[in-house]
4 protein chains.
Amino acid sequence: MTGTHHGNRYGRSEEARQAVLHAADDLLVERGFAGVTIEGVAARAGVAKQTIYRWWSSKVDILLDTLIDDMAKELTPRDHGDVSRDLRAHLHKVALFLTRADAGAVFRALVGHAQHDPAMAARLRADYLSQQRARDRIPLERAVERGELSSETDIEVALDELLGPVHYRVLVTGEPVPRKFTDHLVDQFLVRYGTGRG
Amino acid sequence: MTGTHHGNRYGRSEEARQAVLHAADDLLVERGFAGVTIEGVAARAGVAKQTIYRWWSSKVDILLDTLIDDMAKELTPRDHGDVSRDLRAHLHKVALFLTRADAGAVFRALVGHAQHDPAMAARLRADYLSQQRARDRIPLERAVERGELSSETDIEVALDELLGPVHYRVLVTGEPVPRKFTDHLVDQFLVRYGTGRG
Amino acid sequence: MTGTHHGNRYGRSEEARQAVLHAADDLLVERGFAGVTIEGVAARAGVAKQTIYRWWSSKVDILLDTLIDDMAKELTPRDHGDVSRDLRAHLHKVALFLTRADAGAVFRALVGHAQHDPAMAARLRADYLSQQRARDRIPLERAVERGELSSETDIEVALDELLGPVHYRVLVTGEPVPRKFTDHLVDQFLVRYGTGRG
Amino acid sequence: MTGTHHGNRYGRSEEARQAVLHAADDLLVERGFAGVTIEGVAARAGVAKQTIYRWWSSKVDILLDTLIDDMAKELTPRDHGDVSRDLRAHLHKVALFLTRADAGAVFRALVGHAQHDPAMAARLRADYLSQQRARDRIPLERAVERGELSSETDIEVALDELLGPVHYRVLVTGEPVPRKFTDHLVDQFLVRYGTGRG
DNA sequence: TATTAACCGAGACGGTACGTCGAGTCTTACG
DNA sequence: CGTAAGACTCGACGTACCGTCTCGGTTAATA
């Protein structure tokens, strides 16, 4: 009746999964968060609504799925052998990620939605942000190992000082986040905490 | 409302306005952002939907109306005669405001929604956040006048360094924002920028 | 936003009501009972689904509304001054009604559905069929008054004998119900029950 | 079903067939016609939907399968040697069958559905009702042979006069069909058509 | 005895329609 | 003119079944 189907007892259709994720992503970028509807995603993906509801609980759930890959892929810090270069590079990557159209848009939309939905906020933090937080720690932990930072540095607070201003600009003031700004944050941070050996 | 409606040939009903604002506020706290609907507000306020649409353009518009008074009232910094005490007090007040149930909930909800709605975000920044930003500048400008901060201090960047971590915790990580944290931010800031005269 | 609306505090839109009834009727005739869907009726009538649900509880409810006028209009027996002519005329009208495309189709569909839905069956009998039954009694009661039938005639049973075979053909065997057949039923009936004065 | 399924190269599983028929029958009695769904039958019978679609074209097709045995079994008239007793007995059996919960429910449901589906109605008449009609003729044909009825009797019309009122009560008015009523129908019929020898 | 084709259960798939909710618009009667 | 009331169109929600299409495993006639 309907053309080609891909039912399969042992496992879902990867084709349908990809179509849904891409459709949701596209709609978010094109029409914004309110423009992402289950009905719209289904239509655009060429998929039945029921198929979406079978695997995702809400449009937020879909967007989380689109986010997780990107974040790990784009935001894993590399080792440049030097705390300053590590931090400058990582903070810049974070800024680029947050302000870029596609993946950053998903992140902003989800953090925005989290303000309206405590349960989803808890899940976002437990499943996604904590992973990112772990990646963010890496440059600082390496710096402590290298002796570039005191071993008594409060890394949690340090992360807030470095990442806080970047997210604040993105989420609240809407100011751009140029490289100069992130570099400045790193420099100020090292002035205070660095051992002078870095 | 009193049960009887109140036509008024010369001007709008202040009674209706207050009922709407309170109903919206109550619903936000009780049921969250999604629980605030025009229909629900109208029913709760004992007001016709049309009356709401006549004076507000959306539920976000109503919530903005509830926010503006509170922010000016609660977040105007006092002068303690000393940059450290000024900043510590102000940052603490900001943290309290953001994390408190009612007014902070409205703020978080609106910033959350702004992530989904660029036009509303622009308006939020132009009409509300810029006013708050001006209030936030006061302690720093006073410190420059007093000579406690160099006159070359980039106040915009300084604000981002002070307020950014606070908003980051509130909006992203969900960590609490204790006085110890805000005090630490101020201390670190003054270590770097202070003239030593403060 | 949508063109012309006709909201009105004091009363529903007669225009919408008529459009719904006609659309339902048309769909029934064109596509059969299964082809009558709330969604389809709404689309065809140019009416919102919500408007239908506001005034009718189901598609059956709509069809009942289309039926009631027709039945009273078409099946009220006239007085020909003679039991034989009265009954022949009435039975023929019933047969025509039942076998005709539009109104008869509605009747058949509803009686068919009543077989699946005891609650609806009860309502159909209480609100519609009993009215028709009352109309069907008229010729027989007149005949008793005229002395053409014994006053001891069991009118209920008589009605079953006259109307039963007609409905049986329509609903069960699908045989046509020609005038010859209905006339024969009347003749046989009068042979048995008539006083010979008719 | 036993929990293990039973592939069979040459021929279908009688076990599955019975499970489906019983499940359909049970669901019809418990939840009515609308409560009979292919999914529900499959689940209840412990059978795959595909197995149902392999052997039946629709839920109506399943119910027809449950009907055919019962009708032949229960509605074959016996020979009492006398037209009056033959007809009284047969008409009473028909009335019992139609008004009883299980088999009668299936019959009523199918006749009801036939009002909505002309193709199914044609099939119902061709495959089932015509067989029943043949059985219904038997007592009358025997009576003609015996000389109890004139050989010129129009048996088709006679059947409508006898069976029509019974079906009318069952399908339309919902009145009970007591023995007194069926006996009366037979008596009236014989008054008119009998040769007086019966 | 091993092969293998028809049947079986399970269940994912693309769809249609369901009945509900809220959005934003429009009309009315009243004060 | 502003108000309460509420009917209107519209879009999306999440659910139930539809009928189709694999999939991996079972069974029994045949090679």
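Per chain, numbering begins at 1; letters A, B, ... match sequence-line order.
Remark: A/Arg12 qualifies as a cation-pi partner of A/Trp55 under the 6.0 Å distance and 45° angle criteria applied to the six-membered ring.
Nucleotides of DNA chain E nearest to A/Glu14 and C/Val36 differ in position, and the one nearer the 5' end is that of A/Glu14. Along DNA chain E, the nucleotide nearest to A/Ala16 and the one nearest to D/Arg12 differ in position, and the one closer to the 5' end is contacted by D/Arg12.
Closest heavy-atom contact between A/Leu171 and B/Val111: O-CG1, 3.7 Å.
Using a 4.0 Å cut-off between charged side-chain N and carboxylate O, C/Arg17 and C/Asp65 make a salt bridge. Between B/Glu30 and B/Arg44 there is a salt bridge, since at least one side-chain N of the basic residue sits less than 4.0 Å from a carboxylate O of the acidic one. Salt-bridge check for B/Asp117 with B/Arg123: failed, with every basic side-chain N at 4.0 Å or more from each acidic carboxylate O.
Atom-to-atom, CD1 of A/Ile38 to P of E/dT20 comes out at 21 Å; the value is rounded to the nearest Å. Atom CZ in C/Arg31 sits roughly 13 Å away from atom C1' in E/dT16 (whole-Å rounding). Rounded to whole Å, the distance from CG on A/Leu27 to P on F/dA12 is 11 Å. Between the CD atom of C/Glu39 and the C1' atom of F/dG11 there is a distance of 11 Å, rounded to whole Å.
Checking F/dT9, E/dG14, F/dA4 against every side-chain atom of B/Val47, the shortest atom distance belongs to F/dA4.
Contact annotation for A/Gly40: no contact, since no heavy-atom pair falls under 4.0 Å across all strands.
Classification of the C/His116-D/Phe33 ring pair by plane angle, with boundaries at 30° and 60°, yields parallel.
Non-hydrogen atoms lying under 4.0 Å from DNA chain F are contributed by C/Gln50, C/Thr51, C/Arg54, C/Trp55, all within residues 49-66 of chain C.
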